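Here is the structure we will look at, set down as structure tokens.
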Amino acid sequence: MTEQETRTRSFIHDIIDEDIRSGRFGGRVHTRFPPEPNGYLHIGHAKAICLNSSIAKEYGGKFNLRFDDTNPTKEEQRYIDAIIEDVRWLGADWEDRLFYASDYFQQLYEWAVQLIKDGKAYVDSLSAEEIREYRGTLTEPGRNSPYRDRSVEENLELFEKMRRGEFKEGEAVLRAKIDMSSPNLNMRDPVMYRILHTEHPRTGNKWCIYPMYDWAHGQSDSIEGITHSLCTLEFEDHRPLYDWFLDQLGIYHPRQIEFARLNLTYTVLSKRKLIRLVEEGHVNGWDDPRMPTIAGMRRRGYTPEAIRDFCNMVGVAKSNSIVEFEMLEHAIRQDLNRRAERRMAVLRPLKVVIENYPEGQTEWLEAINNPEDESAGTRTIPFSRELYIEQEDFMEEPVKKFYRLAPGREVRLRYGYFITCTDVVKDENGQIIELRCTYDPETRGGYAPDGRKVKATLHWVSAEHARQAEVRLFDRLFLTENPDDAPEGQDFIANLNPNSLEVVENAYVEPSLAEAKPGDRFQFERLGYFCMDPDSTPEKPVFNRTVALRDTWKKIQQREE
RNA sequence: UGGGGGAUAGUUUAAUCGGCAGAACAGUGGACUCUGGAUCCAUUAGUCGGGGUUCGAAUCCCUGUCCCCCAGCCA
């Protein structure tokens with residue numbers, strides 16, 4: 001656990017405090033996360049999960065996981081499985097309270113019958129288009145359906161026929177009888193049940209009438225004894241409807257509190273859009289490391305702690321906002337800096353031959369695993385006559401402020417020796433293919449006995465001992481801060497970054513990485529944090545770059561341009 | 001133009017209900033450093049506009065402006 005113990009306060013805490021003071025729920029706090037299993041969870045859901053589970057924890061209450069599985073045409077078991085895995089991975093604990101709205105289908109059905117008997121619901125035979133016309137507009141009231149005044153007996157009979165499958169889809173719906181002239185469109189006789197001759201992942205073919213979300217949600221919370229039903233802003237207008245249903249049924253009322261959903265720059269966070277990215281092949285699946293999905297972030301190397309920390313950092317409020325992506329990057333860097341062991345890897349190798357180093361000799365030098373954590377200990381790394389350094393760590397004609405290797409210049413090889421570049425070898429095209437250097441045997445381990453300083457310390461690997469690896473570098477998926485801000489006639493797809501994935505096929509990593517397992521995270525010194533990908537094979541490990549290190553040199557370069 | 005919400009540094013948010021507008025991220029300058037990392041120090045920057053009440057207003061009142069959501073048999 002690296003994150004702060006206490007979550008930053010919010011207006012929600014104020015409300016809960018007040019409810020506890022007034023004894024509204026007998027001092028109980030019980031929250032829940034209610035996903036629809038129609039896609040993978042993303043960082044926006046993480047905010048809701050962290051909020052709900054941490055509030056339960058802080059107040060000594062309970063937290064439920066409940067699937068809102070009321071629409072079998074969009075929901076699938078594989079999504080249920082993925083969501084369970086993600087919520088668990090994030091660290092939210094629902095204990096034995098994993099529920100499904102479909103668990104309540106029978107109860108909901110009975111309540112619907114009760115409403116019909118009370119003259120509060122009716123079967124409508126209008127078509128979908130007709131219902132829309134009758135609904136009116138934002139500024140004009142709706143009109144009553146001609147079927148609105150059917151008798152209780154007729155409604156009971158028709159609803160029973162709906163349930164038995166005697167109607168085709170669209171032929172009838174059950175509606176609440178509220179007020180077609182309400183300024184709140186949700187109160188204009190909302191549909192409670194529609195007919196769907198579709199098999200449900202959990203209830204199979206038991207039902208062909210399925211409750212609408214609005215009819216299922218409030219009662220599901222009520223059944224579970226949820227005290228504080230936290231949801232996003234767009235459901236604010238639905239609250240009067242939930243209250244109406246609960247009142248008519250005479251059952252327990254949770255208190256719904258709405259908060260603003262998370263938005264992130266350079267990112268889309270809507271399931272509809274994420275599904276398109278997956279289905280149109282713009283990314284390689286839901287767990288593509290470029291995706292803002294929990295699965296994608298996990299594969300990329302994010303930790304649950306960093307995600308929780310981030311959610312805590314951005315806070316909760318009611319105003320629409322867009323968090324800068326940098327905030328997320330800060331959260332993961334902060335976490336990984338403290339926990340990830342350091343290793344050396346060279347992405348774009350440039351061969352260095354140390355002319356005065358004995359041929360065939362290998363020295364095993366000690367390297368610190370994590371300067372932020374002494375308990376991580378040390379390891380040894382091999383040093384030999386031929387090494388690789390990073391191409392960008394050498395400049396034949398160094399520009400100002402570049403203080404890495406250059407002809408005649410001395411630098412330190414981390415945990416190795418001081419070396420001085422004596423010659424530059426080029427191929428027939430003038431490309432630099434090799435550096436000739438000399439080393440100072442007195443500087444073993446990277447220390448100069450005479451106390452002389454070098455400006456730069458470079459990472460390196462021994463050519464003979466290094467392992468080849470594939471490294472995947474990710475850039476932001478979208479070019480624009482707001483991907484929806486697309487040219488006329490185009491959508492967010494037009495703003496995809498064509499260079500969001502760069503595969504480095506022939507990187508070299510230090511030999512100790514041969515023992516790494518998929519999911520292991522490291523800092524490759526001076527490059528960033530990396531996570532071993534499940535695509536790895538014993539012959540060729542694959543590393544995903546989670547996030548680069550903060551790079552002030554890059555910043556200086558960009559400023560010079 | 002109906003209804004529901006919202007507006008505090010560049011960004012995300014605090015301000016214990018009228019009492020010194022505080023933090024994080026981002027930015028900038030510096031110190032330190034065997035990672036141009038990390039760390040440390042310093043620093044730039046804010047209450048949507050206009051009135052009013054008050055000794056005192058981000059907070060209360062009036063008024064205006066701007067932004068978001070709602071017309072699925074989606075959630």
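Residue numbers begin at 1 in each chain, while the letters A, B, ... track the order of the sequences. A quick note: this is a predicted structure, and the numbers were derived from the prediction, not measured.
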Arg135(A) side chain near rC70(B) phosphate (N/O to OP1/OP2, under 4.0 Å): no

Criterion salt bridge (Lys or Arg N to Asp or Glu O under 4.0 Å) on Glu224(A) and Arg66(A), from CA distance to verdict: CA-CA 10 Å; Glu224(A) 293 177 18; Arg66(A) 181 184 69 243; 3.2 Å; yes

Protein-nucleotide distance (Glu234(A), atom CD; rG6(B), atom P), rounded to Å: 15 Å

Pairwise P distance for rU12(B) and rU65(B), with rounding to whole Å: 24 Å

Backbone of Asp373(A) reached by a side-chain donor or acceptor of Arg338(A) within 3.5 Å: no

Side-chain donor/acceptor of Glu258(A) to backbone N/O of Thr232(A), under 3.5 Å: no

Proximal nucleotide (of rU12(B), rG36(B), rG37(B)) relative to the Leu549(A) side chain: rG37(B)

Among rG2(B), rA14(B), rU35(B), the one nearest Glu525(A) by side-chain distance: rU35(B)

Under 4.0 angstrom between His330(A) side-chain N/O and rC25(B) OP1 or OP2: yes

Touch class at under 4.0 angstrom, heavy-atom based, for Tyr210(A) against every strand present: nothing

Rounded C1' spacing from rG22(B) to rU16(B) in Å: 14 Å

Side-chain N or O of Arg188(A) closer than 4.0 Å to phosphate OP1/OP2 of rC70(B): no

Side chain of Thr137(A) (C-beta onward), nearest among rU13(B), rA24(B), rA71(B): rA71(B)

Closest-nucleotide ordering on RNA chain B, the 5'-leading residue of Arg239(A) and Glu372(A): Arg239(A)

rU35(B) phosphate, OP1 or OP2, under 4.0 Å from Arg342(A) side-chain N/O: no

Derivation of the salt bridge (Lys or Arg N to Asp or Glu O under 4.0 Å) call for Arg132(A) and Glu129(A): CA-CA 5 Å; Arg132(A) 192 186 328 121; Glu129(A) 303 81 78; 5.0 Å; no

Any donor-acceptor N/O pair under 3.5 Å between rG27(B) base and Glu326(A) side chain: no

Charged N-O contact under 4.0 Å between Lys318(A) and Glu236(A): yes

Separation of the C1' atoms in rU43(B) and rC17(B), to the nearest angstrom: 33 Å

Aromatic plane relationship, Tyr213(A) with Phe235(A) - under 30° parallel, 30 to 60° tilted, over 60° perpendicular: tilted

Interatomic distance where CG belongs to Asp214(A) and C1' belongs to rA75(B) [whole Å]: 9 Å

Arg404(A) CZ to rG37(B) P, straight-line distance once rounded to whole Å: 11 Å

Ser10(A) side-chain proximity, nearest of rG3(B), rA14(B), rC73(B): rA14(B)

Any Ser321(A) side-chain N or O less than 4.0 Å from OP1/OP2 of rU13(B): yes

Salt-bridge present (Asp440(A), Arg452(A); N to O < 4.0 Å): yes

Nearest-angstrom distance, P atom, rG3(B) to rG49(B): 27 Å

Nucleotide rG37(B), atom P - distance to CZ of Phe524(A) in whole Å: 20 Å

Contact under 4.0 Å: Arg194(A) side-chain N or O vs rA75(B) OP1/OP2: yes

Selected nucleotide, minimal atom distance to Glu324(A) side chain, candidates rA26(B), rG6(B), rU12(B): rA26(B)

Whole angstrom value for the distance that separates P of rC67(B) from CZ of Arg261(A): 21 Å

Closest to side chain of Val173(A), choosing from rC73(B), rU35(B), rA75(B): rC73(B)

Gap in Å between the two C1' atoms, one belonging to rA21(B) and one to rA45(B), rounded: 13 Å

Conformer about C1'-N of rG30(B) - syn within 90° of 0, anti elsewhere: anti

Nucleotide of rA14(B), rU28(B), rC73(B) approaching Arg559(A) most closely (side-chain heavy atoms): rU28(B)

Pairwise P distance, rC32(B) and rG46(B) [rounded to whole Å]: 32 Å

Of Val323(A) and Gly136(A), the one whose closest RNA chain B nucleotide lies more 5': Val323(A)

Lys/Arg-Asp/Glu bridge criterion (N-O < 4.0 Å) met for Arg339(A), Glu305(A): yes

Any Thr70(A) side-chain N or O less than 4.0 Å from OP1/OP2 of rA75(B): yes

Under-4.0 Å side-chain N/O to phosphate OP1/OP2 contact, Thr552(A) with rG37(B): yes

base_contact_polar (rG6(B) base, Asn320(A) side chain, donor-acceptor, <3.5 Å): no

Distance between P atoms of rC60(B) and rG19(B) (Å, rounded): 11 Å

Sugar-phosphate, base or nothing in reach of Asp551(A), heavy atoms under 4.0 Å: sugar-phosphate

Presence of Lys555(A) side-chain N/O under 4.0 Å of rG27(B) phosphate oxygens OP1/OP2: yes

Watson-Crick and G-U pairing of RNA chain B written in dot-bracket, each distance under 3.5 angstrom, with | for inter-strand partners: .((((((..((((.....[..)))).(((((.......)))))....(((((..]....))))))))))).....

Partner set under ring pair (Phe, Tyr, Trp, His ring centres under 6.0 Å) for Tyr104(A), not counting sequence neighbours: none

Interatomic distance, Ile368(A) CD1 vs rU33(B) C1' [rounded to whole Å]: 12 Å

Test log, rule salt bridge (Lys or Arg N to Asp or Glu O under 4.0 Å), inputs Glu36(A) and Lys74(A): CA-CA 9 Å; Glu36(A) 183 192 15; Lys74(A) 292 187 177 169; over 6 Å; no

Nearest-Å distance for atom pair CG/C1', residues Asn263(A) and rC68(B): 11 Å

Tyr266(A)/Phe325(A) under ring-ring contact (aromatic ring centres under 6.0 Å, His included): CA gap, chis, key distance, verdict: CA-CA 7 Å; Tyr266(A) 301 100; Phe325(A) 199 82; 7.3 Å; no

rC20(B) versus rC67(B) - spacing of their C1' atoms, nearest Å: 32 Å

Closest to side chain of Asn337(A), choosing from rG37(B), rG5(B), rG2(B): rG37(B)

Given rG5(B), rG36(B), rC70(B), the nucleotide with the shortest approach to the side chain of Leu138(A): rC70(B)

d(CD, Glu481(A); P, rU11(B)) in whole Å: 10 Å

Contact under 4.0 Å: Arg132(A) side-chain N or O vs rG72(B) OP1/OP2: yes

Arg550(A) side chain, from C-beta outward: closest of rC25(B), rC70(B), rA38(B): rA38(B)

